[in-house]
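Below, all heavy atoms of this structure are taken into account, side chains as well, without hydrogens, waters or symmetry copies. In what follows, every chain begins at residue 1, and chains take the letters A, B, ... in the order their sequences are listed.
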Number of protein chains: 2
Amino acid sequence: MARKQGSHADITGPKVRDAALRLFARHGFAAVSMRQIAAEVGVQAGALYLYTSDKQALLFELMRDHMEELLADWQAPDAPPTDQLEDFVRHHIRFHLGRPELVFIAYMELRNLTPENFAVIEGLRRDYEDRLEAILRAGQQSGVFAVPDTKLATMALIAMLTGVTTWYREGGRLNRAAVEGIYWDMVRKAVAA
Amino acid sequence: MARKQGSHADITGPKVRDAALRLFARHGFAAVSMRQIAAEVGVQAGALYLYTSDKQALLFELMRDHMEELLADWQAPDAPPTDQLEDFVRHHIRFHLGRPELVFIAYMELRNLTPENFAVIEGLRRDYEDRLEAILRAGQQSGVFAVPDTKLATMALIAMLTGVTTWYREGGRLNRAAVEGIYWDMVRKAVAA
DNA sequence: GTCTATATTGTGATAGAC
DNA sequence: GTCTATCACAATATAGAC
């Protein structure tokens, strides 16, 4: 099987992305070289530049696509605040447990973005936080939640929920559904009136 | 004032540590060069090796000292579980808000430790988690807490509390005492029976 | 589309003058 | 104790052959 000839743009492109994702998550953006990515894909370093303009674009596109998928994947249901919150919590855990490497990168590699790219990702993060805060504010106003500061509660809950990716292991003591349920139980009590 | 002569080991040593702390926190361990650290201190790159055996030791000692200080700085008071938990929560927030750069490094740079160094830090982290879990178990047994899974609750609470360093800014809308109080309120409710 | 080769710069670490 | 100079190598990115 020839490896030096023929067109593979539609195959190699995604493979470059995947290799970068895996390596960035494991060793960190700054610690990974283009040569390592190329070796993982099975091409020479120079060939990577057919699929990305540079290393920074590789990181940025990974993070941007991740955040856009997170935002596109969940819309607040037309329901009371408590039900909206449960839906948000369960979706957040499910989504994050499904792509631990992207979650890790999206949080750890913010400081390796150029200022312009950072501003874009920061905006997307803000959009996501605002959705949770809107739920908390609605519940606060209708009296089902007692949250002294909705912004602080938003940050606290997102940190708590996202942290699940740091310890959860597939095939461990608890399955995903059980984890979802336990987290929801803690969140529900924490914000309850 | 001569810069090339004289003994400054007791001054330059800590300055190297401080510069490494600041730069690692801002740009990440892998992205910082020994030359950058030397420039920040005001010496030549070669002179750094009088104060550290290598770059890895710089990172490891920063993290180890931080974790050991965290463990030395708090002992569970002889009190009911609810009071112990409040003491833990308030101390955790106070300690972490006091050294945001070390907290950041201790969490983000785990993967840049050699396997041997990683094992040491991981052990210290485990010791700290065990203290919180012991409180939750005691409260669970005496019936004042209702926690379906003490290990999961431990990880969830630590993630929530440590997350305070990602958004808290000195001189902002809330002062440290107010933040402590709000977090404690959420934790108290989240684990309450 | 991928290769080899290369330009240019930067890296961690060490040796030896002062 | 700090300097300058240097080693040996790795980095990103590009050019041009095939």
Ring centres under 6.0 Å, that's the criterion: do A/F95 and A/W74 meet it? no

Would you mind reading off the distance between B/Q44 atom CD and C/dG12 atom C1', rounded to a whole angstrom? 15 Å

Whole-Å distance separating the CG atom of B/L58 from the C1' atom of C/dA13: 14 Å

Checking all strands, does B/V41 fall into the base, sugar-phosphate, or nothing category for heavy-atom contacts under 4.0 angstrom? nothing

Mind calculating the distance between CG (B/L48) and P (D/dC3) to the nearest angstrom? 10 Å

What integer distance in Å separates B/F24:CZ from C/dG12:C1'? 12 Å

Rounded to the nearest angstrom, tell me the gap between atom OH in B/Y49 and atom P in C/dT14. 7 Å

Sole candidate of A/L102, A/L70, A/L161 that passes side chain to side chain contact (heavy atoms under 4.5 Å, CB included) when paired with A/H96: A/L70

Length of the line joining B/K55:NZ and C/dG10:P, which is rounded to integer Å: 15 Å

Has A/R22 got its NZ or CZ under 6.0 Å from the middle of the six-membered ring of A/F24, at an angle within 45 degrees of the ring axis? no

Please walk me through it: do A/Y128 and A/F88 pass ring pair (Phe, Tyr, Trp, His ring centres under 6.0 Å)? CA-CA 11 Å; A/Y128 187 66; A/F88 179 93; 5.2 Å; yes

Calculate the interatomic distance between A/Q56 atom CD and D/dA13 atom C1'; express it in whole Å. 15 Å

Phosphate contact (D/dA11 OP1 or OP2) by A/S33 side-chain N/O below 4.0 Å: yes

Could you tell me whether the side chain of B/R35 has a donor or acceptor atom within less than 3.5 Å of a complementary atom in the base of C/dG10? no

DNA chain D nearest-nucleotide lookup for B/A47 and A/G46: closer to the 5′ end is B/A47

Rounded to whole angstrom units, what separation is found between the CD atom of A/Q36 and the C1' atom of D/dA10? 11 Å

Quick one: which of C/dG12, C/dG1, D/dC3 gets closest to the side chain of A/L50? C/dG1

